[in-house]
Amino acid sequence: MSYVTVQCPILHSLDMSSCPKLSDANIRSAISGCSLLSDFDVSHNSCVTDAIVEGIASICRNLHMLDVSQCPNVTAEVCFCLFGTTDYF
């Protein structure tokens, strides 16, 4: 996953939805150099948690869309606290 950040530093959109082997480390590696990321879809992944959502929000400051729908370990509360809305949930 680090290949994404090395080869695509100006990446604006990334879809990692429905990846059964996705892990916290994969997500963090993929976005570590993607400060311009504005659209990120990690929906339908059971590994996505509130802590990962908080990490995504802290790294991706230009984020306009984060899809965490069907992520059973993400709460509406974290979305509301970080983004002021539960539209991401």
Side-chain angles (χ1 to χ4, degrees):
M1 293 310 304
S2 61
Y3 178 81
V4 172
T5 58
V6 171
Q7 298 299 321
C8 306
I10 60 170
L11 188 69
H12 290 276
S13 181
L14 182 60
D15 186 341
M16 298 178 84
S17 62
S18 301
C19 295
K21 294 186 179 184
L22 190 65
S23 70
D24 179 13
N26 294 139
I27 293 171
R28 291 182 191 276
S29 175
I31 64 170
S32 64
C34 295
S35 60
L36 298 178
L37 197 64
S38 61
D39 299 309
F40 192 24
D41 186 348
V42 289
S43 63
H44 301 273
N45 286 300
S46 60
C47 74
V48 178
T49 63
D50 286 350
I52 294 173
V53 171
E54 290 171 348
I56 292 168
S58 70
I59 293 169
C60 303
R61 298 289 191 178
N62 292 318
L63 205 60
H64 294 283
M65 191 282 299
L66 174 64
D67 190 345
V68 292
S69 60
Q70 302 302 312
C71 293
N73 297 311
V74 175
T75 63
E77 289 81 15
V78 76
C79 292
F80 187 76
C81 288
L82 292 172
F83 306 109
T85 182
T86 57
D87 290 346
Y88 298 97
F89 188 68

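Everything numeric in this text was worked out from a predicted model, so none of it was measured.
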_Short side-chain to backbone donor-acceptor contact, N62 and S38, under 3.5 Å_ = no
_Where S18 and H44 come nearest, the two heavy atoms and their spacing_ = OG-CB, 3.4 Å
*How many angstroms lie between CG in D39 and CG in L66, if you round to the nearest 0.5 Å?*
10.0 Å
*Output yes when a side-chain donor or acceptor of N45 lies under 3.5 Å from a complementary backbone atom of C47, and no otherwise.*
no
*Could you walk me through whether I31 and C60 pass side chain to side chain contact (heavy atoms under 4.5 Å, CB included), step by step?*
CA-CA 8 Å; I31 64 170; C60 303; 4.1 Å; yes
*Measure across R61 and S58 and return the closest heavy-atom pair with its distance rounded to 0.1 Å.*
NE-O, 3.4 Å
*asked:* Could you report the tightest heavy-atom contact between D50 and V74, atom names first, then the distance?
replied: OD1-CA, 3.3 Å
_From C34 atom SG to I59 atom CD1, the distance as rounded to the nearest 0.5 Å_ = 9.5 Å
_Smallest separation among heavy atoms of V48 and N73, with atom names_ = O-CB, 3.3 Å
*Pairwise side-chain contact, V42 with V68, heavy-atom cut-off 4.5 Å (strictly under)*: yes
*Just wondering, do D24 and T49 contact through their side chains at under 4.5 Å, heavy atoms?*
no
*From CG (L22) to OG (S46), nearest 0.5 Å*: 9.0 Å
*With sequence neighbours left out, write down each residue that passes side chain to side chain contact (heavy atoms under 4.5 Å, CB included) with S23, or none if nothing qualifies.*
A25, N26
